[in-house]
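The structure appears below as structure tokens.
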There are 2 protein chains.
Amino acid sequence: MTPDGEAQLRAASLRVTRPRLAVLTALRGHPHVDTDTVISLVRADHPTVSHQAVYDVLRALTNAGLVRRIEPAGATARYETRTSDNHHHVVCRSCGAIADVDCAVGHAPCLTASHGHGFVIDEAEVVYWGTCPDCSEGS
Amino acid sequence: MTPDGEAQLRAASLRVTRPRLAVLTALRGHPHVDTDTVISLVRADHPTVSHQAVYDVLRALTNAGLVRRIEPAGATARYETRTSDNHHHVVCRSCGAIADVDCAVGHAPCLTASHGHGFVIDEAEVVYWGTCPDCSEGS
DNA sequence: CCCTAAACTTGATTCATTCCAGAATAGTGG
DNA sequence: CCACTATTCTGGAATGAATCAAGTTTAGGG
């Protein structure tokens, strides 16, 4: 099993608070959800947590590397706990569903495009666009 | 030279209007600008064009494929006229500058990751994150 | 058990984008 | 060349994700 939230927070020298644990738990069970959904999930157990707290927590966890923020074009920010393995995402054009995709071309393939106008490139982000099973079925 | 705006619009069966020509011209001269900048550029020549018109035009041109919309995480939508050659972009983390990057791994490399949870993938979008020459110089 | 910085609550604010109702206009058919 | 209609444009209000601000609570070191 993944280390429990408390251990993760301490390892990142972040204070262990109820809202933070709740957000981590919510994201564990529901990958790729937006902020609003996180708020709902958190409030299921802790009704008094403010939306601002969730925004703060998500930012803190993202900065600490415990959570990864993804932001597909035309959608609001989503979050997931699967970090540090440079995987990518498929996004459904019609319903917005997101699924994980392991890096196709081995590891960090695209960083080879380094001769980009003098830019120092440190990350290559890939987003696949398409149609999810549910949506392509209907048509 | 690129075909003039009027020809492009007619080829796409779009009406030829002053705002549309102005937007096309603005984007030709200034790639990767956001909507607000487009509005300013357009108004330099045609002060009466409404912001709504620019939004409408950008959407119409994008749907017609005359313009491509890019939307890096954490930034507002940008537009460019270079289409139909599947190139990618480098984005500067500190100043937000964007530059074009030709597809590194040949053509449409990444579509090979097709076995993604039953998704039918039709496009692979790549965004390189890094630091532009100007910004890395200062540090 | 105190104390202080960090975190949280509440509520207002920003800003890109969209929605709406009415006026203008491109371009087809007469 | 003119009239007609759908499309487009104008001006202004509304939406919604996200941020800011002031004051209260709390984690956790001393």
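Note that this is a predicted model, so its numbers are computed, not measured. Throughout, protein chains are lettered first and strands after them, A, B, ... in sequence-line order, and every chain is numbered starting at 1.
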Basic-acidic side-chain contact under 4.0 Å: [X], [Y]:
| X | Y | value |
| --- | --- | --- |
| Arg20(B) | Glu6(B) | no |
| Glu80(A) | Arg78(A) | no |
| Arg82(B) | Asp102(B) | yes |

For DNA chain C, the residues among [range] that have a non-hydrogen atom under 4.0 Å from it:
| range | value |
| --- | --- |
| residues 75-83 of chain B | Thr76(B), Ala77(B) |
| residues 49-66 of chain B | His51(B), Gln52(B), Tyr55(B) |
| residues 17-26 of chain A | Thr17(A), Pro19(A), Arg20(A) |

Distance-only side-chain donor-acceptor flag, [X] / [Y], under 3.5 Å:
| X | Y | value |
| --- | --- | --- |
| His89(A) | His87(A) | yes |
| Gln8(A) | Asp4(A) | no |
| His88(A) | Asp100(A) | no |

field: Residues Asp45(A), Arg18(A); criterion salt bridge (Lys or Arg N to Asp or Glu O under 4.0 Å); working and verdict
entry: CA-CA 10 Å; Asp45(A) 285 332; Arg18(A) 225 169 287 278; over 6 Å; no
- prompt: Do Arg15(B) and dT8(D) share a donor-acceptor pair, side chain to base, under 3.5 Å?
  reply: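 Side chain to base: no pair present.
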Atom-pair distance ([atom1] on [X]; [atom2] on [N]), nearest Å:
| X | N | atom1 | atom2 | result |
| --- | --- | --- | --- | --- |
| Ile39(A) | dT19(D) | CD1 | C1' | 13 Å |
| Asp36(A) | dT15(D) | CG | P | 16 Å |
| His46(A) | dC8(C) | NE2 | C1' | 14 Å |
| Leu14(B) | dT8(D) | CG | P | 7 Å |

query: Would one find a side-chain N or O of Thr48(A) under 4.0 angstrom from OP1 or OP2 of dC8(C)?
result: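 Looking at the OP1 and OP2 atoms of dC8(C), neither is under 4.0 Å from any side-chain N or O of Thr48(A).
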Evaluate the side-chain proximity of [Y] to [X]: yes if any heavy-atom separation is below 4.5 Å, no if none is.
| X | Y | value |
| --- | --- | --- |
| Val127(B) | Trp129(B) | yes |
| Val90(B) | Ile98(B) | no |
| Val42(B) | Val38(B) | yes |
| Leu66(B) | Thr81(B) | no |

